[in-house]
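Chain letters run A, B, ... following the sequence lines, proteins first, then strands; residues in each count from 1. Values in this document were obtained by computation on a predicted structure and should not be read as measured data.
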Amino acid sequence: MADRYVETAYTNGYEFTEGSGYQLPEYPFVEPPEIRTGQPGREDIVIVGGGITGLTLACALARLGVRAVLLDEDNTVGVKGASSRGIVYTQKSLEIFQRLGVYGRIADKGVQWSVGRTFAGQDEVYSFDMRSQAGFNLSSQPPFINIQQFYIEGFLVERILELGQVEIRWCNRVTGYREDDAGALLSVSTPAGDYQLRAAHVIDASGSRTPFREWVGASVTARKGDDRWCIADVRFTQRPPVERHTWIEAPFNENRAVWQHLMADEVWRIDYQMAPDADPAHVSREDVVRERLARQFGEDCGVEIVWVGPYAYRSECIDQMRHGRLFFIGDSAKVVSPFGARGGNTGIADADNLAWKLAAVLRGRAGPALLDSFHAERHEAAQENVRVTNRTARFLRAPEGIERLFRSAAISLAKQHLFARQLVNTGRMAVANTYTRSPICAQGGGQSVQNVSFQFADGSTGTVNDLLLWTSGELLLLVFGDIPAASRQRLRALCDSAPVRAVQVVSEGHPQAVEHVRDPQGHLQGACHVFGHAWALVRPDAYVASTGESIDAALVHAVAAAMGMSLSEGATA
Amino acid sequence: MKTRLHFEDADGFYEQLLDAHQGLSHEESDLLNARLILILANQVGDARLLKECIEAAAKFPPAASGG
């Protein structure tokens with residue numbers, strides 16, 4: 001049966017590379033024990049797909065001490081050859097990576113940026129500097145880091161190996177899936193033969209071409225357009241550009257859009273909008289790419305081409321992100337255009353959302369209903385990201401006629417008037433989506449908490465992530481201000497009986513609780529979206545589950561709800 | 001959405017609007033109109049009100065105004 005495993009094709013529009021290109025790491029194939037024994041393996045969690053989403057989930061589970069198996073059809077990260085893909089990682093993603101222990105390497109390798117300029121023709125339409133925006137400057141992580149996706153994937157692989165718990169099986173391709181009374185059953189093909197795996201939970205992170213949708217009959221809402229682009233990732237031997245620039249109408253690209261971004265290794269991504277329905281084979285031919293680069297940077301610009309990737313995009317959103325024991329995350333669940341970096345970043349958020357829930361349920365600290373909240377929360381996010389990216393696509397690929405007319409009107413106004421810049425839509429950068437209809441969030445819940453800093457009792461600086469590492473998958477209850485004696489007793493009883501750890505937060509004066517921190521500038525309180533005497537219940541994924549004022553039954557209910565359990569009225573009266 | 005008279009000077013506005021289009025090509029007129037819509041929309045600002053205005057314009061003519 002060994003001939004059933006077919007090596008993955010060199011896909012994703014990889015056309016050619018020159019110079020040093022990229023050297024992707026290769027990981028060894030190890031024969032799974034099931035092939036020798038002939039018996040199906042049994043796992044609590046099987047993750048399918050070792051892209052950025054699957055690896056983030058695997059790493060998050062490993063950090064929480066939860067065993068899992070990850071199956072990847074390939075033996076490397078990225079796409080074979082000289083891969084690039086996602087390049088912009090947002091603050092929320094960087095905060096997640098900090099918790100997973102790979103942020104330092106990302107920050108060392110990647111490029112921080114905050115200034116962006118948008119042009120139409122020869123004129124600058126507007127520019128922005130993220131550093132000056134209040135919403136971004138309090139986190140311990142910057143607004144954005146640009147880095148090739150495969151670097152992050154490689155860092156995650158090494159971190160997973162370091163943490164143990166998760167077994168990554170390279171060159172293991174899933175060829176079938178079904179669910180019966182005994183659980184989920186996966187058929188897997190490897191170079192050494194085929195085997196089966198039984199799993200209590202299966203997470204499909206295999207990407208936009210996932211076979212799982214068909215296997216479980218998942219319905220999808222989709223839209224396809226005729227917009228075509230072609231990426232050239234290049235190094236300049238002379239006169240490199242200086243900033244992130246965006247052209248809506250570039251004179252050197254037949255008045256179509258162009259993106260210019262720096263990432264690690266001094267590689268610039270130049271992304272060109274092509275004519276509608278352009279032939280990918282033609283637009284990615286080396287002489288055609290070189291001619292395009294020369295038109296933008298001059299005949300003598302001296303570029304080394306690292307990677308060329310022509311692409312078309314579509315938007316797809318699965319209607320149910322959970323099908324029984326199967327969960328869809330990342331591109332398996334939804335596919336969006338690249339504008340605003342809403343693909344990879346929201347996949348990372350999918351993984352971080354699911355990881356702590358799986359861990360809590362498997363450890364018996366949460367009710368099984370907690371897993372349903374994954375769909376409620378992340379499907380709302382997926383729909384929002386599809387909506388936002390479709391709007392950008394409609395602006396950038398405005399058809400001739402009325403849509404092009406309004407775009408011309410908006411661009412010409414934006415050059416003169418501040419208000420009209422908001423109409424110029426070159427992409428709305430990914431944000432931590434808010435959950436407005438989550439069954440596990442109560443009053444004041446559903447918003448992300450930035451990784452701000454405060455002072456520990458001993459005067460050293462701490463961050464929200466430090467507290468979340470300390471709670472280790474349990475809930476974090478932050479109580480702001482004084483705590484009366486009766487409330488302290490109730491808090492102690494709550495923490496003894498429920499998976500929650502409490503910390504008192506004071507701005508000045510004497511704290512009453514043993515576990516306390518100081519927040520003299522109110523950054524922690526602001527990050528939790530509360531004011532004055534209040535509590536905020538923070539989840540392991542740095543989202544507020546609920547907020548309130550007094551230590552009462554509402555808090556007890558919020559704790560239960562956040563863990564997927566409902567309390568009867570009598571239980572807390 | 002206001003449907004009663006709110007103009008200070010309806011005839012004056014109408015004349016100004018026509019004058020602004022004097023001597024323009026069809027394309028230039030279209031662009032002027034588009035710019036004007038965007039500028040006016042920003043004066044309104046309110047999302048619900050703008051939605052009502054767009055719907056009122058899109059549904060025109062109402063069934064009752066046939067004669």
Distance-only donor-acceptor hits, side chain of residues 7-14 of chain B, under 3.5 Å, sequence neighbours excluded:
from	atom 1	to	atom 2	distance (Å)
B:Asp9	OD1	B:Gly12	N	2.8

Extract the chain B to chain A donor-acceptor pairs under 3.5 Å, no hydrogen or angle test applied.
from	atom 1	to	atom 2	distance (Å)
B:Arg35	NH1	A:Ser412	OG	3.3

Is it the backbone or the side chain of A:Leu423 that comes under 4.5 Å from a heavy atom of chain B, or both, or neither? side chain
Side chain, backbone, both or neither: which part of B:Leu36 has an atom under 4.5 Å from a heavy atom of chain A? neither
For A:Phe406 and B:Ile37, which heavy atoms make the closest approach, and how far apart are they? CZ-CD1, 4.0 Å
